[in-house]
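One structure is given below, encoded as structure tokens.
All ligand and atom numbering here is 1-based and tracks the order in the structure.
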Amino acid sequence: MVKAIVNGNRSKGAINPNIYGHFSEHLGRCIYNGIYVGENSDIPNVNGMRTDVVEALKAMKIPVLRWPGGCFADTYHWRDGIGPKENRKKIVNTNWGGVTEDNSFGTHEFLELCRQLGCEPYISGNVGSGTVQEFSDWIEYCNMGGQSPMAEERRANGQDAPWNVKYWGIGNEAWGCGGNMRPEFYADLCRQYATYMRNYDNDHKIYKIASGANVADYNWTKTVMERAGHCVDAVSLHYYTVPREGDWNDKGPATGFSREEYFSTLAKTLRMEELVENHSRIIKQYQGDRQVGLCVDEWGTWFDVEPGTNPGFLYQQNTMRDALVAAINLNIFNNHCDTVVMANIAQVVNVLQAVILTEGAKMLLTPTYHVFEMYKGHQGAKQLESYVETALIGEGENQAPNLHISASESGGGVLVTVANLSDTDSAELDCTLSGLGKISEVKSQALSGACGAYNDFGNEEAVKPAPLAAELTGDGFRAKLPACSVAAFLVK
Ligand code: AHR
């Protein structure tokens with residue numbers, strides 16, 4: 001029996017719903033085919049957005065969606081994607097496969113998608129190859145309610161009311177595909193861009209997110225915070241979980257992986273905790289009397305593409321191993337909700353660690369989707385400190401604790417989410433809830449399977465949550481967690 005404790009008397013505060021955010025780039029089949037099929041498609045759609053995908057994302061309670069990139073953002077000129085579709089420029093997507101981008105999905109379409117999803121839009125502006133004027137005009141186009149050149153143009157394009165887009169990213173990966181800048185140079189540019197990112201409505205202030213570090217580049221965070229921290233609300237961080245390191249063309253397969261790679265994936269993803277803590281410490285050191293958040297706006301697994309697919313499309317399958325990666329990262333973000341203000345898994349449909357895969361008119365939900373769905377009760381809830389006894393498991397130098405936990409309290413009850421990372425052993429969990437009053441009910445479910453199990457077209461429900469037996473103990477509950485599983489307990 002392993003002991004876990006949820007302490008109702010200790011909390012780091014509310015879990016920002018945006019920690020459960022997603023990312024959609026003009027990359028492969030994410031936007032086109034995956035989300036947007038156009039009004040004339042045979043695939044059921046509302047204003048061009050796939051109905052099946054929109055409904056699934058709503059059921060998962062998607063809070064925020066980042067767009068249009070990624071690397072694509074720093075080549076994107078928003079004016080190419082407005083106005084009559086037949087007049088829109090056809091460009092080359094130079095980052096992702098050199099395919100033709102017809103710009104049929106632009107600002108109006110993205111904001112229509114967010115309206116249908118009921119989520120916040122998060123737009124990444126072009127700093128790498130754009131101009132201050134272009135970025136500033138985009139914000140005016142989206143947010144100006146009164147009379148102005150941009151507001152008139154928006155109205156002429158069919159949108160009367162401003163969208164009041166709150167979240168704006170000042171470039172993406174400015175250290176790499178976003179301009180190969182040095183942190184000092186980016187910090188100066190960030191100050192300049194931020195100056196002209198205006199508020200057009202005091203009830204809808206914009207939230208400025210600086211392009212942040214790659215993995216453990218602490219000098220980037222330090223320099224940006226020191227020089228530009230006073231003019232942004234958050235700084236981003238990108239960290240992908242890649243099982244093999246060294247050769248970017250040999251990251252390891254998404255399915256059929258070895259036991260060693262199972263554990264290297266888990267060990268690498270656990271590094272997120274150290275990264276969040278270290279970057280947050282630096283942010284706090286330089287934030288002065290303001291509160292600057294950490295926005296992990298790209299995270300997730302990055303494997304070799306599925307054999308036979310376009311290498312530039314980053315299409316990969318998604319197994320129970322990905323479900324554990326999702327559970328670990330979401331637990332980490334929940335437990336650091338005092339500094340992590342947003343996180344966006346990459347990417348929402350058909351790219352990298354997607355929650356949804358499509359094939360023509362068909363759609364399936366991945367194991368990662370089910371974790372987001374099982375964890376959705378954490379959104380906006382009060383985080384509670386939680387601890388679980390663990391043992392180290394693994395292969396060689398790739399070690400991980402066998403269990404990983406987070407907990408929160410809301411009007412719906414206390415939600416305890418636990419992942420069992422062992423691929424061979426179940427765990428008997430005895431969880432005590434302290435300082436949370438009388439307990440009379442526990443509802444539980446688990447997602448489990450072989451660590452390489454996945455959903456595929458023709459076998460869409462091989463991995464899905466099932467009820468899990470749990471018994472009340474007076475001050476908590478007991479349950480047996482299957483090997484390689486993610487469990488959610490809702491206690492009242
Ligand atoms: O998500 C794929 C790519 O990964 C993004 O375009 C970029 O920001 C990152 O390097």
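For the pair Gly70 and ligand 1, the shortest N or O to N or O distance does not fall below 3.5 Å. Residue Trp302 places no N or O, backbone or side chain, under 3.5 Å from any N or O of ligand 1.
Between Phe372 and His22, the ring planes are tilted. Angles from 30° to 60° get that label. Note on ring orientation: taking the six-membered ring where Trp is involved, the planes of Trp168 and Phe135 are tilted (angle from 30° to 60°).
With a heavy-atom cut-off of 4.0 Å, Trp299 does not touch ligand 1 at all. Within the 4.0 Å heavy-atom criterion, the part of Phe23 lying near ligand 1 is the side chain and not the backbone. Contact annotation for Leu352 and ligand 1: only side-chain heavy atoms (C-beta onward) come within less than 4.0 Å of the ligand. Within the 4.0 Å heavy-atom criterion, the part of Asn172 lying near ligand 1 is the side chain and not the backbone.
With rounding to the nearest 0.5 Å, the separation of CE in Met150 from CD in Glu153 is 5.5 Å. Considering CD of Gln116 and OG1 of Thr51, their distance stands at 7.5 Å, rounded to 0.5 Å. If you take CD on Glu55 and CE on Met60, they are separated by 12.5 Å, rounding to the nearest 0.5 Å.
Cation-pi geometry between Arg321 and Tyr262 is not met: the NZ or CZ atom fails to fall both under 6.0 Å from the ring centre and inside 45° of the normal.
Regarding atom 1 (O) of ligand 1, its nearest protein heavy-atom neighbour is Tyr240 OH, 2.8 Å. The nearest heavy-atom contact from the protein to atom 7 (C) of ligand 1 is Glu298 OE1, 3.3 Å.
The contact set between ligand 1 and Gln347, taken as ligand atoms under 4.0 Å from a residue heavy atom, comprises 1 (O), 2 (C). Atom numbering of ligand 1 starts at 1 in the shown order; those under 4.0 Å from a heavy atom of Glu173 are 7 (C), 8 (O), 9 (C), 10 (O). Under a 4.0 Å criterion applied to the non-hydrogen atoms of Cys71, ligand 1 contributes the atoms 5 (C), 6 (O), 7 (C), 8 (O).
A heavy-atom distance below 4.5 Å is not found between the side chains of Phe257 and Thr265.
Cys177-Cys71 SG separation is under 2.5 Å; the pair is scored as a disulfide.
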